[in-house]
Structures are given as C-alpha cells and as structure tokens.
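See below for the structure under consideration.
Hydrogens, waters and symmetry mates play no part in the numbers below; they use all other heavy atoms, side chains included.
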Amino acid sequence: MGDFFAAWRAMEKAYKAGKLRAIGVANFYPFMLENLIEAVEIKPAVDQIELHPFFQRERDLAYMRENNIQPMAWGPLDEGRNDIFKHPVLTKIGEKYGKSAAQVALRWNIDRGVIIIPKSVHVERMQQNIDLFDFELSDEDMREIAALGLGHSEIIDHFVPAVQKMCLGMKIHS
C-alpha cells in the first residue's frame, strides 16, 4: 500500500548492491503483481499471502507459477479459525498417516509448492510443524481438502477501504 513502487525501487537498489539475496512482496493479488512487474526491473521472488485449506487461492497460485514467483503462506493454520486443529476432514486424513490435523493442513500447502510459516509458542507444536516430510497426501486427500475452500478470507479483506485506511495509518518506522 502507499507508494510501493518507490519502496520496490529502493529494494532493487539494495539487491543490485548485493545487500539482499532476493526481494518480494506480501498480500499482492495477481493484478497487483502484474502492475508491479510491468513497472520495475526486478520481478518479485516471493509473494507472501494468506493460504490455508479454507482460503486456497488457486488463481493466485497459478499466476505465481506462470511468473516464477514463489508463494509463501502466512496464516497457514487460519489463525485457529474453522476449528482447524480438530477439523473432522483434516483429522480423518491425519489418522491415516499418524499426523495431526495441523500437520495435514501444513503438508497440503507444501504439496502445492507453497512455503509455509506456521506460528506457535508451544515447543511440541513447533516440533510437529517441522515433522512434515515423512508422508505425502494422496490425490483423494487433496480433493477432500480442496472441498473445504470458502473462496474468501475470514481474517482480512484487503478490498475494504477501511482496511486500506487502517494499514496506511500504521507507523512502521520513525
């Protein structure tokens, strides 16, 4: 939000100077990515967006794949909404693999080629969040999880002007 073109050009300068290895964006929808790509020299390496079984964003992922931009999920566990830790579909799938519903949700994003950033303050959950690479979800599992999509975020709606105003009013530096 705001003058992100100027911010991007400053990051390009730091990248060219070798101060950064990669530069990316957060919460950019495909139309925003296209606008940025057409106006700058260096395309984003990553776009960090909300991605979880209830907000799947297949169109966004397809655009990123076409443009070699790596998707990264913030909120991959839906901030605990939709009873994700005990959700019956995710729990049933997890039982097949000896995994928790949360591990299934995280693995689902990994299997879609998405970098995940799960958050926890509990050591055992942190360990579970790492223990994701000894199983793969079947095509049937993936279809069952795909059926959970709501088609919208329940966390934040970036298209509401009040949300834009709130974000633009945040002070991120002195």
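Following chains of ILVMFWY side-chain contacts shorter than 4.5 Å, one can reach Leu36 starting from Phe31, so the two form part of one hydrophobic cluster. Grouping the Ile, Leu, Val, Met, Phe, Trp and Tyr side chains by contacts below 4.5 angstrom, directly or via other members, places Ile37 apart from Val46. Hydrophobic clustering (ILVMFWY, side-chain heavy atoms < 4.5 Å, transitive): Ile115 and Met64 are in distinct clusters. Residues Leu77 and Ile49 fall into different hydrophobic clusters, defined by Ile, Leu, Val, Met, Phe, Trp and Tyr side chains chained together at heavy-atom separations under 4.5 Å. Tracing side-chain contacts under 4.5 Å through hydrophobic residues (I, L, V, M, F, W, Y), one reaches Met142 starting from Phe133; they form part of the same cluster.
Listed by chain and number, the residues in a side chain to side chain donor-acceptor pair (under 3.5 Å) with Glu66 amount to none (sequence neighbours excluded). In this view, Glu34 and Tyr63 satisfy the side chain to side chain donor-acceptor pair (under 3.5 Å) rule, not counting sequence neighbours. The side chain to side chain contact (heavy atoms under 4.5 Å, CB included) search around Ala45 returns Ala22, not counting sequence neighbours.
If you take CH2 on Trp108 and CG on Leu137, they are separated by 10.5 Å, rounding to the nearest 0.5 Å. Interatomic distance, Ser120 OG to Met126 CE, rounded to the nearest 0.5 Å: 5.0 Å. Going from atom CG of Leu150 over to atom CD of Gln56 covers 8.5 Å, rounded to the nearest 0.5 Å. Taking CD1 from Ile116 and CG from Asn109, the interatomic distance works out to 7.0 Å, rounded to the nearest 0.5 Å. To the nearest 0.5 angstrom, Asp47 atom CG is 8.5 Å from Met32 atom CE. Here Phe54 contributes atom CZ and Asn82 contributes atom CG; the two are 4.5 Å apart, rounded to the nearest 0.5 Å.
The nearest pair of heavy atoms linking Pro71 to Gly113 is CG-O, 3.9 Å. Scanning both residues, Pro53 and Ala105, for their nearest heavy atoms gives CG-CB, 3.9 Å. In plain terms, the two heavy atoms of Gly24 and Pro44 that are nearest each other are CA-CB, 4.2 Å.
Within a 6.0 Å sphere centred on CG of Asn68, heavy atoms belonging to other residues, nucleotides or ligands number 12 at most. Summarising the local packing, CD of Glu58 is surrounded by more than 12 heavy atoms from other residues, nucleotides or ligands at distances under 6.0 Å. Taking a 6.0 Å sphere around NZ of Lys43, one finds it holds more than 12 heavy atoms contributed by other residues, nucleotides or ligands. Residue Lys13 qualifies as open at atom NZ: its count of foreign heavy atoms under 6.0 Å is 12 or below.
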Subject >> From CA spacing to verdict: side-chain contact (heavy atoms from CB on, under 4.5 Å), Ile145, Val104 >> reply: CA-CA 9 Å; Ile145 297 169; Val104 169; 3.8 Å; yes
**OP:** Evaluate the side-chain contact (heavy atoms from CB on, under 4.5 Å) criterion for residues Val114 and Met72: first the C-alpha distance (whole Å), next the side-chain angles of each, then the deciding distance (0.1 Å), finally the verdict.
**Re:** CA-CA 5 Å; Val114 175; Met72 177 185 288; 5.7 Å; no
Original post:
Checking side-chain contact (heavy atoms from CB on, under 4.5 Å) for the pair Phe55/Asp78: CA distance, chi angles, key distance, verdict?
Top reply: CA-CA 8 Å; Phe55 191 35; Asp78 196 17; over 6 Å; no
**OP:** Apply side-chain hydrogen bond (donor to acceptor under 3.5 Å, both in side chains) to the pair Tyr97 and Asp141, showing each step before the final yes or no.
**Re:** CA-CA 11 Å; Tyr97 305 103; Asp141 298 333; 2.4 Å; yes
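A cation-pi contact, defined as under 6.0 Å to the ring centre and within 45° of the axis, links Arg125 to Phe85.
Gln127 contributes no side-chain N or O that, together with a main-chain N or O of His122, makes up a donor-acceptor pair within less than 3.5 Å. Gln103 contributes a side-chain N or O that, together with a main-chain N or O of Asp131, makes up a donor-acceptor pair within less than 3.5 Å. Of the possible polar contacts, one joining the Trp8 side chain to the Ile42 backbone as a donor-acceptor pair under 3.5 Å is found. Using a distance-only test at 3.5 Å, with no hydrogens or angles considered, no donor-acceptor pair links the side chain of Gln48 to the main chain of Asn27.
Annotation: side chain of His52 is not in contact with side chain of Glu79 (no heavy-atom distance under 4.5 Å). Looking at heavy atoms from C-beta onward, Asp60 lies out of side-chain contact with Leu51 at the 4.5 angstrom threshold. Contact of the Glu12 side chain with the Ile23 side chain is registered, since non-hydrogen atoms from C-beta on lie closer than 4.5 Å. Using a 4.5 Å heavy-atom threshold, the side chains of Val25 and Ile69 count as separate.
In this structure, Arg9 does not pair ionically with Glu41, as no charged nitrogen and carboxylate oxygen lie closer than 4.0 Å. Taking a cutoff of 4.0 Å between a charged side-chain nitrogen and a carboxylate oxygen, Glu144 and Lys92 qualify as a salt bridge. The existence of a salt bridge linking Asp111 and Arg107 is confirmed by a sub-4.0 Å separation between a basic side-chain nitrogen and an acidic carboxylate oxygen. With respect to the salt-bridge test (charged N to carboxylate O, under 4.0 angstrom), the residues Arg57 and Glu50 do not qualify.
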